[in-house]
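Just below is one structure, and these are the notes that go with it.
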Amino acid sequence: MGCSMVCSDRHKGNSIMSQNTDGDTHVFRALRVLSGVAAHLSAFSLTVYMIFVSQPGATLFSWHPFLMTLAFSFLMTEAILVFSPDSSLLRSFSRRARVQVHWVLQLLCVVCSLLGLGIIYSNKVLQGKPHFSTWHGLLGVLTVLWTLLQSVGGVTLLYPKLVQRWNLATRKLYHATAGLIGYLLGCGSLLLGMCSLWFGASVTGLSWYLCVLCPVLTGLVIMNQVSNAYLYRKRSQS
């Protein structure tokens, strides 16, 4: 009888733990969905707001902040979130279709970033100002080059026979890790740009803090997504 009571208590304990685990899972998934929605809204809102602030076309320089925000706040964010199991806008699409969308968005990101870099370089030439003389400029050019190389490296995932040295799983891990680094570099470049004299004079008060919050929020969401999808899973398999 004593054994039966002990077994019954253990069974109840296991049931309670299972219910708690399921509840935690639902809570964490809800939080991931909400954070993903917040990332979508932040990326889109910051890009739209930058149109209002920079007024592209007003001057040659005005295209630079707009194109860089479009590239690293919107296009790259959506290119990564397209693979999110919780907040992707294309969850009902096939994996192949999402990969194609990822490539289109990432290609547009590279084009916009190269245009933005070329425009600020030309603008400084016209004004006789030195190039890459600030942390924003240095990190910005590093981000653009990293993004370009990362996209070139991603070609090996589309055409696995180009590189036989590593298996496909290892290359996906390297691509995801390098992509995360590139995205965080982009967030850092945006944040440094918001500390520039031009942005500080154009955006003040609460609006400035909300703008700063956008790349911080999306950076945390993307970091969590990539870590859960690749890095933590790889560690658990080793």
Side-chain angles (χ1 to χ4, degrees), residues 25 28-29 31-40 42-44 68 70-114 139-191 214-238:
T25 301
F28 288 137
R29 187 177 187 282
L31 290 175
R32 289 196 299 269
V33 171
L34 289 175
S35 63
V37 171
H40 284 295
S42 297
F44 178 75
M68 289 308 196
L70 177 63
F72 295 109
S73 177
F74 182 72
L75 292 172
M76 185 176 279
T77 300
E78 294 302 326
I80 299 176
L81 286 178
V82 74
F83 294 119
S84 172
D86 302 303
S87 57
S88 173
L89 300 177
L90 305 178
R91 286 195 302 274
S92 61
F93 285 57
S94 66
R95 170 77 180 183
R96 180 184 179 86
R98 282 181 287 159
V99 168
Q100 292 175 343
V101 172
H102 171 79
W103 264 100
V104 171
L105 292 173
Q106 194 62 33
L107 179 60
L108 290 174
C109 172
V110 172
V111 171
C112 287
S113 64
L114 288 174
L139 187 61
V141 70
L142 174 62
T143 302
V144 173
L145 293 177
W146 185 282
T147 303
L148 179 60
L149 292 175
Q150 162 71 0
S151 298
V152 172
V155 174
T156 63
L157 296 179
L158 288 179
Y159 305 98
K161 293 183 179 180
L162 292 177
V163 178
Q164 301 289 342
R165 183 175 180 180
W166 299 293
N167 58 44
L168 187 59
T170 300
R171 271 177 281 169
K172 285 184 177 180
L173 176 62
Y174 289 162
H175 183 68
T177 304
L180 176 58
I181 294 173
Y183 186 81
L184 294 179
L185 287 173
C187 290
S189 298
L190 291 175
L191 288 172
C214 289
V216 173
L217 175 61
T218 56
L220 291 174
V221 172
I222 295 299
M223 187 163 49
N224 179 71
Q225 174 186 321
V226 174
S227 298
N228 288 333
Y230 289 96
L231 305 185
Y232 293 158
R233 184 176 65 186
K234 183 69 176 181
R235 184 184 303 172
S236 63
Q237 292 175 351
S238 60

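Just so you know, these numbers use all the heavy atoms, side chains as well, and skip hydrogens, waters and symmetry mates.
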Return the orientation label for the H102 and F83 ring planes: parallel under 30°, perpendicular over 60°, tilted otherwise.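 Rings of H102 and F83: tilted, as their planes differ by 30° to 60°.
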Backbone N or O of A178 within a donor-acceptor pair of the W146 side chain at under 3.5 Å?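 Pair found, side chain donor or acceptor close to backbone of A178.
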When you measure from the side chain of S87 to the backbone of S84, do you find a donor-acceptor pair of N or O atoms at a distance under 3.5 Å?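 Absent.
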Quick check for you: to the nearest 0.5 Å, what is the distance between [X] atom [atom1] and [Y] atom [atom2]?
X: Q150; Y: L185; atom1: CD; atom2: CG; answer: 11.0 Å
X: C187; Y: M223; atom1: SG; atom2: CE; answer: 9.0 Å
X: F72; Y: T218; atom1: CZ; atom2: OG1; answer: 12.5 Å
X: L220; Y: S35; atom1: CG; atom2: OG; answer: 9.5 Å

For [X] and [Y], which heavy atoms make the closest approach, and how far apart are they?
X: R98; Y: L90; result: CD-O, 3.4 Å
X: S151; Y: Q106; result: OG-CG, 3.6 Å
X: C109; Y: A71; result: SG-O, 3.3 Å
X: T156; Y: R171; result: O-NH1, 3.2 Å
X: C214; Y: S42; result: SG-O, 3.8 Å

Please walk me through it: do V99 and L157 pass side-chain contact (heavy atoms from CB on, under 4.5 Å)? CA-CA 10 Å; V99 168; L157 296 179; over 6 Å; no
Would L142 and L139 count as a side-chain contact (heavy atoms from CB on, under 4.5 Å) here? Give the steps. CA-CA 5 Å; L142 174 62; L139 187 61; 4.3 Å; yes
Going by atom types alone, do S189 and T143 pair a side-chain donor with an acceptor below 3.5 Å?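 Side-chain D/A pair, S189 to T143: present.
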When you look at CZ of F44, are more than 12 heavy atoms from neighbouring residues, nucleotides or ligands closer to it than 6.0 Å?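 Counting neighbours around CZ of F44, 12 or fewer heavy atoms of other residues, nucleotides or ligands fall under 6.0 Å, so no.
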Are V101 and F93 close enough, and set up right, to give a side-chain contact (heavy atoms from CB on, under 4.5 Å), and what steps lead you there? CA-CA 10 Å; V101 172; F93 285 57; 5.7 Å; no
Can you list, pair by pair, the side-chain donor-acceptor contacts under 3.5 Å of residues 74-81, counting residues two or more places apart and other chains?
from	atom 1	to	atom 2	distance (Å)
T77	OG1	S73	O	2.7
T77	OG1	Y183	OH	2.6
E78	OE1	H40	ND1	3.1
E78	OE2	H40	ND1	2.8

Below 4.5 Å, heavy atoms only, C-beta onward: do N224 and R32 meet side chain to side chain?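 Yes, their side chains come closer than 4.5 Å.
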Less than 4.5 Å apart, side chain to side chain, heavy atoms only: is that true for M68 and S113?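 In contact.
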What verdict does the side-chain contact (heavy atoms from CB on, under 4.5 Å) test give for V144 and L148, after you've listed the backbone C-alpha separation in whole Å, the side-chain angles of each residue and the deciding distance to 0.1 Å? CA-CA 6 Å; V144 173; L148 179 60; 5.6 Å; no
